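Let me begin by presenting the structure, written as structure tokens, before commenting on it.
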2 protein chains.
Amino acid sequence: MKKEFRSLCPIASTLDILGDKWSLVLIRDMLVRKKKTFKAFSASEEGIATGILASRLKLLESFGLITKRKLPDNKKENIYLLTEKGIDLAPVIVEVTLWGDKYMRVYNPKLKAYENLKTDKASIINTLQENYRQMVASVIA
Amino acid sequence: MKKEFRSLCPIASTLDILGDKWSLVLIRDMLVRKKKTFKAFSASEEGIATGILASRLKLLESFGLITKRKLPDNKKENIYLLTEKGIDLAPVIVEVTLWGDKYMRVYNPKLKAYENLKTDKASIINTLQENYRQMVASVIA
DNA sequence: TAAATTACTTTCAAAATAGAAGTAAAAATG
DNA sequence: CATTTTTACTTCTATTTTGAAAGTAATTTA
């Protein structure tokens, strides 16, 4: 969990922490699929190894993109939630989705479609974020 | 250079090829800084190892994000240029820059600022892309 | 009270990365 | 024209990261 950066470029610095095959997939699981537990992340179709998952969650938490807490009625489950900092990755998630939808299908023909995204990007980003905040509020209420 | 995908998700599939610490930095070097040669990429402040650079260029070319050519008057230099597919990553680059600009400065205080980006994102993306296309046209003319 | 579940950690092999050095062809220099 | 320099790599080795499987401890369910 070293916090050193390669340069003074915001892109490079962001990639210093999110530049891997798993971090944005986890953010997707949380923001889009409302996943909250180690178990749920572990069950993603991409099949993340539990060791990697544990280390990624720790890293995301250390950089304040997610929080980890327990609910009063369950001492076993940990609930991972995106912070505003994490929720603010919604535009990145959406742009990556759009790009992948447009260009990766030729290599991965059965890719799921995301037609609607193109038409009203801004409002979809907003809805995604608002829905997530609602969910967070209801969980920690 | 394997072309297998973890899932049918466009995000995960995009990360299958771009999910590392270097690919988007190279795209940045090309799109924003107009870099075109192995030498130029090699000289980036982030200090990419030449072996990694060679393998990344090969991967980006294999997925059609960049092309590699020689100019008629120089048999030594290779010119790497973004294709439309690569140029279309501009929105991702911009969103990552904005996010990094907003949230990474706390860890990397001397990050360069990108104020203007926030105000007219769409037009900046367009200008970036148009300028790049112009440059490509003038290079291959 | 026993079995199952959750959230991990540990272990080990395989793959990716980093850094340094080396090479071949082309271009620039004297 | 010969030599040096440049460009674009490749190769090598050490270190780090990843992936897959198995193990563990606390908690919850049956």
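Within every chain, numbering begins at 1; the chains are lettered A, B, ... in the order of the sequence lines, protein sequences first and strands thereafter. Keep in mind it's a predicted model, so treat the numbers as computed, not measured.
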- Note on the structure: Those residues at least two apart in sequence (or on a different chain) that pass side-chain contact (heavy atoms from CB on, under 4.5 Å) with A/L8 are B/N108, B/K110, B/K112

- Just jot down the side-chain contact (heavy atoms from CB on, under 4.5 Å) partners of B/N126, sequence neighbours excluded, or say none. none

- Query: Going by the ring pair (Phe, Tyr, Trp, His ring centres under 6.0 Å) test, which pairs reach into residues 105-141 of chain B, not counting sequence neighbours?
  - Reply: A/F63-B/Y107

With a cut-off of less than 4.0 Å, is there a side-chain N or O of [X] near OP1 or OP2 of [N]?
X     : N     : result
A/K68 : C/dC8 : yes
B/K39 : D/dT7 : yes
A/N78 : C/dT6 : no
A/Y80 : C/dT6 : no

Just to verify, what does [X] make a salt bridge (Lys or Arg N to Asp or Glu O under 4.0 Å) with, not counting sequence neighbours?
X      : answer
A/E61  : none
B/K102 : A/D88
B/E46  : B/R28
A/K76  : none

Between [N] ([atom2]) and [X] ([atom1]): distance, integer Å:
X     : N      : atom1 : atom2 : value
B/I48 : C/dA20 : CD1   : C1'   : 16 Å
B/I52 : D/dC12 : CD1   : P     : 17 Å
B/K70 : C/dA25 : NZ    : P     : 12 Å
A/F41 : C/dT6  : CZ    : P     : 14 Å
A/L57 : D/dT18 : CG    : C1'   : 16 Å
B/L71 : D/dT7  : CG    : P     : 14 Å
B/L53 : C/dG19 : CG    : C1'   : 14 Å
A/E4  : C/dA18 : CD    : P     : 13 Å

- Of B/D101, B/I124, B/I125, which meets side chain to side chain contact (heavy atoms under 4.5 Å, CB included) against B/L117? B/I124

- Task: Would you list the pairs meeting side-chain hydrogen bond (donor to acceptor under 3.5 Å, both in side chains) in which at least one residue belongs to residues 29-39 of chain A, sequence neighbours left out?
- Result: none

- Note on the structure: Applied to residues 63-73 of chain B, the side-chain hydrogen bond (donor to acceptor under 3.5 Å, both in side chains) test, sequence neighbours excluded, yields B/K70-B/N78

- Query: Of A/I79 and A/R6, whose closest DNA chain C nucleotide lies nearer the 5' terminus?
  - Reply: A/I79

- Task: Mind checking the CD-CD1 spacing from B/E95 to A/I11? Nearest 0.5 Å is all I need.
- Result: 11.5 Å

- Task: Classify the nucleic acid contact of A/R56 as base, sugar-phosphate or nothing, counting any heavy atom under 4.0 Å across all strands shown.
- Result: sugar-phosphate

- A/S42 near the nucleic acid: base, sugar-phosphate alone, or nothing, with a heavy-atom cut-off under 4.0 Å? nothing

- Query: What does the inter-axis angle of the helix from C/dT1-D/dA30 to C/dG30-D/dC1 come out as, five pairs per end, nearest 10 degrees?
  - Reply: 20°

- Query: Given B/L71 and B/E77, is the side-chain contact (heavy atoms from CB on, under 4.5 Å) satisfied, shown in steps?
  - Reply: CA-CA 8 Å; B/L71 297 180; B/E77 260 190 351; 5.7 Å; no

- Message: Which residues in residues 14-28 of chain B have a heavy atom closer than 4.0 Å to any atom of DNA chain C?
- Response: B/W22

- Each nucleotide of nucleotides 22-30 of chain D classed B (base within 4.0 Å of a protein heavy atom), S (only sugar-phosphate) or -, in 5' to 3' order, makes B---BBS--

